[in-house]
Protein chains: 2
Amino acid sequence: MPAPTSGWSPAADRILRTAAELIAERGYAATSTRTIASAIGVAQPAIYKHFSTKNDILSALVGLGVGRPLELAGELARVSAPAIVKLHRWLRESLEHFRDSPYVLVAILTTPELYQENFAAERELIRQFDGVVVDFVRAAQNEGDVRAMKPESGARLVIALFDVLAVPEYQVSPAEIVDFAFTGLLADPARLPEIRAAADALEPAGIDGDAVVNAID
Amino acid sequence: MPAPTSGWSPAADRILRTAAELIAERGYAATSTRTIASAIGVAQPAIYKHFSTKNDILSALVGLGVGRPLELAGELARVSAPAIVKLHRWLRESLEHFRDSPYVLVAILTTPELYQENFAAERELIRQFDGVVVDFVRAAQNEGDVRAMKPESGARLVIALFDVLAVPEYQVSPAEIVDFAFTGLLADPARLPEIRAAADALEPAGIDGDAVVNAID
DNA sequence: GTCTATATCGGGATAGAC
DNA sequence: GTCTATCCCGATATAGAC
């Protein structure tokens, strides 16, 4: 909560937060550098002392979005536990990361402009993010915990649920999203409470929830 | 399949199809009237003989998107069957509508620009679309078929799954999406096959799948 | 109903003073 | 590191000939 700026100067941080908020409600293309600047209360060119391009702002936000989830996936890889338990922990914590970040990161990963312009590095990060879910689902399926379905399909369905966080009018909690996703995924939905308990009890490498947020820079 | 133009002139129809395709992959703001025109092979001002505004194109696409689902909801309302069965039928048929339309309608309903500009009428249509799902889920829950959860949450989770159709790289079928959604929704997931069969056997008012696509105009 | 030409505007980015 | 002023471009939309 107390403003975990992560490698960014306070000024750059304000730009990122403001931009994220505006992009979340208007989309990237419809968010001008003028709008961002005036929302902060500075002149438009001031932004360019912190980011040399408007695209760099979006790039930074993608990094802030996938950084912690990718890091967490790495930590979980070094823990011994069933894949389905790791997936539960990863999903809940990643959803909370998106919800609680001071930057409005939801919907950033689905920005269409990322797939049209020079965002190769960011697309690669998102590909890794998606890959984490596919790997978890496939492993859990091999261990008999996920019902018959293509792992890629299961992963896509789970990933789509992240966008539920973005709806402003009606808030759905990460816990509700995880429950829904897992009931849809599990070979035996009755095992959900047990899996949830095991996931909450996991202790990955990092101290706790708010470790380093940005490990990409 | 054979080009169901629905009240639109052939020329306007080509504009809509081309625009939908471009919007799906680049976003609305990033899709210029020049791009649309040149993709068709005409000069940019030619578009304005068919749509007096770029926004009118997006508006038409929203109508094409929600038209059939809203109509189908009306038809199902006049049928006697458990709400959970109606929801199954509505969801499968609506997903197929989005997938099979000659216009690439997926992601149109989540265009952020709709919530920023003069799109009050379109927002109302989307509100109705969402309302259909909420009503189905609530009714099915009252009949004991949906497990304990807020109907609004359940509806949001189901609606989010529509976007899975939009991922170009890996195609998830409507049937897979419905199965996942219903396993997550049902109080007793084991009843899914029975509900699916009942939904497929339903015979709503309209002749069949490809009735009037646009009932809004 | 299509074209060419053009008006008008807003957005990204730079220059240079302070 | 912020400002003002400005360049340049691309985008929507219109005018008017054919």
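Computed from a predicted structure; not experimentally measured. Below, read A as the first sequence line, B as the second, and so on, with proteins coming before strands; counting in each chain starts at 1.
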Rounded to the nearest Å, what distance is computed from the CD1 atom of residue Ile57(B) to the C1' atom of nucleotide dT12(D)?
-> 11 Å
In whole angstrom, give the distance that lies between atom NE2 of His50(B) and atom C1' of dC3(C).
-> 13 Å
Considering only dT2(D), dC3(C), dT14(C), which nucleotide approaches the side chain of Val42(B) most closely?
-> dC3(C)
Please determine, for the side chain of Lys54(A), which listed nucleotide (dT2(D), dA13(C), dA13(D)) has the closest atom?
-> dA13(C)
First of Lys49(A) and Thr35(A) reached from the 5' end of DNA chain C, by closest nucleotide = Thr35(A)
Is a donor-acceptor pair below 3.5 Å formed from side chain Arg34(B) to base dG10(D), judging by atom type as modelled?
-> no
Go through dT4(D), dT14(D), dT2(D) for me and flag the one nearest to the Pro45(A) side chain.
-> dT4(D)
Indicate yes or no: at least one non-hydrogen side-chain atom of Thr31(B) is less than 4.5 angstrom from one of Ile36(B).
-> yes
Atom-to-atom span, CZ of Phe51(B) to P of dT14(D) - whole angstrom = 15 Å
Atom CD1 of Ile15(A) and atom P of dG12(C): how far apart are they, to the nearest Å?
-> 13 Å
Mind checking whether Trp90(B) and Phe129(B) have ring centres under 6.0 Å apart?
-> yes
Closest heavy-atom pair and its distance - Ala83(A), Ala140(A) | CB-N, 3.5 Å
Using distance alone, with no hydrogens and no angle criterion, decide if Tyr28(A) and Asn55(A) have a side-chain donor and acceptor under 3.5 Å apart.
-> yes
List the steps, then state whether ring pair (Phe, Tyr, Trp, His ring centres under 6.0 Å) holds for Tyr103(B) with Trp8(B).
-> CA-CA 12 Å; Tyr103(B) 319 89; Trp8(B) 297 102; 8.8 Å; no
Quick one: does Gln44(A) reach the base of dA13(C) with a side-chain donor-acceptor pair under 3.5 Å?
-> yes
Under 4.0 angstrom between Thr33(B) side-chain N/O and dA11(D) OP1 or OP2 | no
Taking CH2 from Trp8(B) and P from dG1(C), how many angstroms apart are they, rounded to a whole number?
-> 14 Å
At under 4.0 Å between heavy atoms, what does Ala43(B) touch on the DNA or RNA strands: base, sugar-phosphate, or nothing?
-> base
Between dC3(D) (C1') and Ile47(A) (CD1): distance, integer Å = 14 Å
Quick one: which of dG11(C), dA11(D), dA15(D) gets closest to the side chain of Ser32(A)?
-> dG11(C)
Let me know the distance between OH of Tyr48(B) and P of dT6(C), rounded to the nearest Å.
-> 19 Å
Can you tell me the distance, in whole Å, between the CD atom of Glu113(B) and the C1' atom of dG10(C)?
-> 15 Å
